[in-house]
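Take a look at the structure below.
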2 protein chains.
Amino acid sequence: MKVREMATIEDVARMAGVSIATVSRAIHHPGKVAETTRKKVNAAIAKTGFTANAMAQSLRSKSSKMILAMVPDISNTFFANILLGLEAVATRRGYGLLIGNTENDPQTEATYLTYTRSNKADGIVLMTGHLPFGAAEVRQHLPPIVAACEEICEESVPFVGVDNQHGARTAVHHLVELGHRRIAYISGPPNNILSSERRAGYELALRQSGLTVDPELTLDGDFSIEGGRLAVERLFIRDALPTAFFCANDDMAIGVLLALSQRGYNVPGDFSVIGFDDIPFSSCTTPPLTTIRQPRRLIGEAAMTKMLDMVEGKPVRTGAVILPVELIIRGSTGAPREIDRESD
Amino acid sequence: MKVREMATIEDVARMAGVSIATVSRAIHHPGKVAETTRKKVNAAIAKTGFTANAMAQSLRSKSSKMILAMVPDISNTFFANILLGLEAVATRRGYGLLIGNTENDPQTEATYLTYTRSNKADGIVLMTGHLPFGAAEVRQHLPPIVAACEEICEESVPFVGVDNQHGARTAVHHLVELGHRRIAYISGPPNNILSSERRAGYELALRQSGLTVDPELTLDGDFSIEGGRLAVERLFIRDALPTAFFCANDDMAIGVLLALSQRGYNVPGDFSVIGFDDIPFSSCTTPPLTTIRQPRRLIGEAAMTKMLDMVEGKPVRTGAVILPVELIIRGSTGAPREIDRESD
DNA sequence: GGAAATTATGTAAACGTTTTCATTTTTGAT
DNA sequence: ATCAAAAATGAAAACGTTTACATAATTTCC
């Protein structure tokens, strides 16, 4: 695969019989160059197949036109959909998207952080819930940063996401309205911001409905299917069972569904289950999952819009952009059985 | 967010009292620089917080240390897992991964193709099944390319994937061994290479088992859940039903499962269903999906290994790398009912 | 102790752009 | 026709590296 040398701006200039400055101008400021020369230049560009060397451009202009998205796990469909939104507006505005999969590994985070220091990226969209490892040491050199989905509490980083507490309240109110009185909360990792915000919403909704918060009914998970499954197992060795489960995300709700069905229970006959996120698959479970939908694509779009505004020096409203959630009622929630299960 | 100017190699050189050439050498060829100066340089690097400007490096060295992965849809978990494999070895070998989501849009493909022409990437891993739009025009400038998952037929592009025909045969033989005689094939898009390879395997397996290929039982889908669902609907307006479904991927198998359950059928009691890929979610359906597992992560790793070997000019075995598939038996396949459904 | 070989360092060119500034050409007004 | 202003172009510097080559310092060997 022998590759002929790429044409440079100089080749174009020579062929068009002008200086390289004129070629550059013909490309970037066509208004500043005479009609006739512009045509000559364009012809030369076409003939040589010239494509500008992006490295030289970035070096000179000190902007790579790239944005780094740091995400804990690309294979998680929730994040994947956000990425789609990020990519859409980046592309539309002439930027490229660099995806950094961190797996929450500090070393990896630190590596990706250097992408901005080395000018590979102009800014970072964080979906990890925390500043990348190593950010503290270089605070004075921090690039433009926007947090999506998971707010970064310690810092004043612009945020785009949803009102998690409100979403959780909506979910729990839905269950209460169906008649549930004993509702379990399957949490994400205990130190996670989403876990606690959704928990706050859960507890608030219970109190607003005149119900008491039973700490026995809150179980820590880890946002994974397996975590949901295990939570059910742990719950079932106790005597006081709930009639409904509010899960901090859909993956765990799916795990709950699986565990329940494995134990021979019917959903929503015996238990109701509600999730959070509305990942694509949640409509394919048996029964289809009732959940709180996050406008993932919009979150991505809004986050990237804010990012690029920052990068391009436009005035950007500091503070959070909160997008609305939506209750999606499917088949996994229903009225509880009449009989009081606690009396068994 | 005022940002202090980044330190350059010159700052380091000045602080260490050496020339910039020595600094560069101390970094890249530490053996070529005296112990004592190396220490001075390292101290200066630490003090200034120097990080080399990657754009300048790439410009000078004509290598961006970036690989572009072109994929039709990041939010597809199948591809996401491949990306994980690609990223793992790229990172390990000091490269970054650029992800280009094409949605099979020619315009987008062409845009991403310029990434290599403009030196933003050193090579392309293609998961789209075809050369990017615009590749024909610049054939003489084509970068190193590796195809993963979907072979590119017209061209002699190195390929990493599985033996799709063999996988399909394995799936169909499994159904035949369970006693099925009328097996439907739910295909992907008709012009897709995976569709046809798997179809070939399906037909071969039937013939090997002494069964005839009934064209009525092959239905075109589109690799989506909805596509699987629709295929079932189309099939059910005919009279001659199958007892089992071999689906060209898991998504369609999930659609089939859904459609069947919606019509009140039991799987595997009334019908058996088998998929292809073993996406993470396929163990969460009701019943859990029997399928052909592709070693996704390995495919990604092998593809990136081949890619980097090419980029770095190492000798690379041309031709395909074929990784083994595995039959994963779960709950969606079983023996057909004794009664012959055709006699209804 | 001195020449030869080796090792360490510095100088400067090159990578391919963009942009400032100076210069030339064109336009328009008189 | 002349001149001023405006428009178009070119020359050259700058962006921050890496590296070939030249030179200086050190070691080795007799």
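First the proteins, then the strands, lettered A, B, ... as listed; each starts at 1.
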- Take the protein atom NZ of B:Lys32 and the nucleotide atom C1' of D:dA20, then report the distance between them rounded to whole Å. 13 Å

- Task: Please round to 10 degrees the angle between the axis of the first five pairs and the axis of the last five pairs in the helix from C:dG1-D:dC30 to C:dT30-D:dA1.
- Result: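 Both end axes considered, the difference amounts to 30°.
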
- Message: My understanding is that only residues two or more places apart in sequence, or in another chain, count here; which of them pass side-chain hydrogen bond (donor to acceptor under 3.5 Å, both in side chains) with A:Asp122?
- Response: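 Scan of A:Asp122 (side-chain hydrogen bond (donor to acceptor under 3.5 Å, both in side chains), adjacent residues dropped) gives A:Ser63, A:Ser64.
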
- Results of side-chain hydrogen bond (donor to acceptor under 3.5 Å, both in side chains) for B:Ser75 - residues two or more places apart only: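 Result, side-chain hydrogen bond (donor to acceptor under 3.5 Å, both in side chains) vs B:Ser75: B:Asp73.
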
Partners passing side chain to side chain contact (heavy atoms under 4.5 Å, CB included) against [X] (at least two apart in sequence or in another chain):
X: B:Ala320; value: B:Phe159, B:Ile322
X: A:Pro295; value: A:Val162, A:Leu298, A:Ile299, A:Leu323
X: A:Asn53; value: A:Met55, A:Ala56, B:Leu59, B:Asn119
X: A:Ser19; value: A:Ala21, A:Thr22

- Task: For DNA chain C, determine which residues of residues 34-45 of chain A have any heavy atom closer than 4.0 angstrom to one of its atoms, and list them numerically.
- Result: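 Heavy-atom cutoff 4.0 Å gives no residues at all.
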
- Message: Evaluate A:Met127 against A:Glu150 for side-chain contact (heavy atoms from CB on, under 4.5 Å), listing each step before the verdict.
- Response: CA-CA 6 Å; A:Met127 286 172 280; A:Glu150 302 198 27; over 6 Å; no

- Measure the spacing between CG of A:Leu68 and NZ of A:Lys120 and express it to the nearest 0.5 Å.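 It comes to 10.5 Å.
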
- Query: Going by the ring-ring contact (aromatic ring centres under 6.0 Å, His included) test, which pairs reach into residues 87-122 of chain A, not counting sequence neighbours?
  - Reply: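 Sorted pair list: A:Tyr112-A:Tyr115.
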
- Would you say A:Thr37's side chain and A:Val33's backbone share a donor-acceptor pair under 3.5 angstrom?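 No, the answer is negative, given that no donor and acceptor are paired below the 3.5 Å cut-off.
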
Grab the N/O contacts between the protein and nucleotides 25-27 of chain C below 3.5 Å, and write none if there aren't any.
none

- Could you walk me through whether B:Met6 and B:Asp11 pass side-chain contact (heavy atoms from CB on, under 4.5 Å), step by step? CA-CA 9 Å; B:Met6 278 290 287; B:Asp11 300 325; over 6 Å; no

- Do nucleotides 14-23 of chain C as a string where each nucleotide becomes B, S or -: B if the base has a protein heavy atom under 4.0 Å, S if just the sugar-phosphate does, - if no protein is that close. BBBBBBB---

- Task: Determine which pairs satisfy salt bridge (charged side-chain N to carboxylate O under 4.0 Å, His left out) with at least one residue from residues 80-98 of chain A, sequence neighbours left out, and list them in order.
- Result: A:Arg93-A:Asp309, A:Arg93-A:Glu312

